[in-house]
Amino acid sequence: MATAVVHYAAAAVTDRGRKRSSNEDAFGFSVEHGVYVVCDGMGGAAAGEIASSLAVDEAMSRLTNRDLKVEPQLAAERAIYAANEVIFSRSQRNLSLNGMGTTLVGLLAEDRRVWVINVGDSRCYRLRASRLEQITLDHSLVEEQVRMGRMTPAEALRSSLRNVITRALGTQSRVTPDIFALESEPGDLFLLCSDGLTRELSDAHIQSLLGVDQSLDDLCARLVNAAKKAGGHDNITCLLVRAGT
Ligand code: CA
């Protein structure tokens, strides 16, 4: 018996926030190809913007044109290595871009199976049955200290080191992404976001904002507006992906 293919729907918003003069976040998605990516760039002058847009472009291009005979896990790894190489080699060629890098959080969906890809401290959450769960681990110094029991979550929030990320795309010649697969259930809502959202809003607040019956576009706007109201200190990006029945 043939099984119906799961359809996904998506929407995204990115916003400069209220304090920054530029937006170093970038996103891309293709519902048709099941590819969804959010990046948060870093580096002096325009370097952060360049790094995040190079990463989105390279990952989108690799994953939407992927050879379907290649395992998705492997295709995702190759896309990450290619994006890393593009950014790293550009920064080696141009002194003013030296040290630029970006986070990347992404999803690759094929029917019920979803591969989650992560480098850095952007996050993927899943809202299932009204309960929000963070499903990526932050590659940040303070979060790693918390996971090792050397720092409490409250100390992590106050730490002067909370901007330090331990993995990024493009800052070194090699990178190790987290990539893992999970099964989506009908109605699952995935949120990919930059830290400009999660620094301003608690998980409980995000859960309550997503717990209303509105379009994905409206839900993205709710999240971004709430983060701006809470201060909007950083660029804010939200990409929502809903699994159909
Ligand atoms: Ca940020």
Side-chain angles (χ1 to χ4, degrees), residues 12-29 36-59 80 83-84 87 91 97-107 116-125 134-146 153 156-172 175 177-178 190-203 205-206 209 220-240:
V13 171
T14 187
D15 193 288
R16 194 160 51 82
R18 296 172 57 185
K19 309 283 179 186
R20 299 280 173 92
S21 58
S22 61
N23 190 348
E24 301 189 324
D25 288 357
F27 70 83
F29 67 87
Y36 309 88
V37 181
V38 167
C39 291
D40 176 353
M42 69 204 110
E49 279 174 84
I50 294 171
S52 61
S53 60
L54 284 175
V56 166
D57 291 350
E58 189 67 20
I80 290 295
N84 189 71
I87 302 164
S91 77
L97 302 177
N98 215 267
M100 71 171 170
T102 182
T103 71
L104 183 147
V105 65
L107 295 179
V116 181
I117 307 161
N118 186 46
V119 177
D121 67 349
S122 297
R123 290 180 177 173
C124 178
Y125 289 88
Q134 184 182 339
I135 56 177
T136 47
L137 290 178
D138 295 352
H139 301 137
S140 76
L141 193 65
V142 294
E143 288 302 321
E144 288 177 359
Q145 296 291 311
V146 169
L157 276 179
R158 290 193 305 269
S159 171
S160 60
L161 299 174
R162 62 180 210 164
N163 286 325
V164 179
I165 63 173
T166 50
R167 288 193 227 175
L169 272 186
T171 52
Q172 290 178 317
V175 67
D178 286 344
F190 294 93
L191 164 65
L192 304 178
C193 60
S194 61
D195 66 343
L197 184 80
T198 52
R199 295 280 181 88
E200 304 290 2
L201 307 178
S202 67
D203 289 5
H205 194 171
I206 296 172
L209 289 166
C220 283
R222 268 168 81 86
L223 292 175
V224 169
N225 290 337
K228 286 172 83 171
K229 213 170 149 193
H233 295 87
D234 194 1
N235 310 139
I236 307 151
T237 301
C238 303
L239 198 172
L240 288 170

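Computed over heavy atoms, backbone and side chain alike; hydrogens, waters and symmetry mates excluded. Each residue takes its place number in the sequence, starting with 1. Whatever order the structure lists ligands and atoms in, that order sets their numbers, starting from 1.
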Taking [X] for the side chain and [Y] for the main chain, is one N or O donor matched with an acceptor at less than 3.5 Å?
| X | Y | result |
| --- | --- | --- |
| Glu200 | His233 | yes |
| Asn98 | Ser91 | yes |
| Asn118 | Leu137 | yes |

_If the test is side chain to side chain donor-acceptor pair (under 3.5 Å), which one of Asp40, Thr198, Thr103 qualifies with Ser122?_
Thr103
*asked:* Between the side chains of Arg199 and Asp234, is the shortest nitrogen-to-carboxylate-oxygen separation below 4.0 Å, so that they form an ion pair?
replied: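 Salt bridge: no.
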*Sort by chain and number the protein N/O/S atoms that are closer than 3.0 Å to the Ca ion (ligand 1), and list them.*
Asp40 OD2, Asp195 OD1, Asp234 OD2
*asked:* Checking side-chain polar atoms at under 3.5 Å, does Thr102 have a donor or acceptor matched by the opposite partner on Ser52?
replied: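 No, no side-chain donor-acceptor contact under 3.5 Å.
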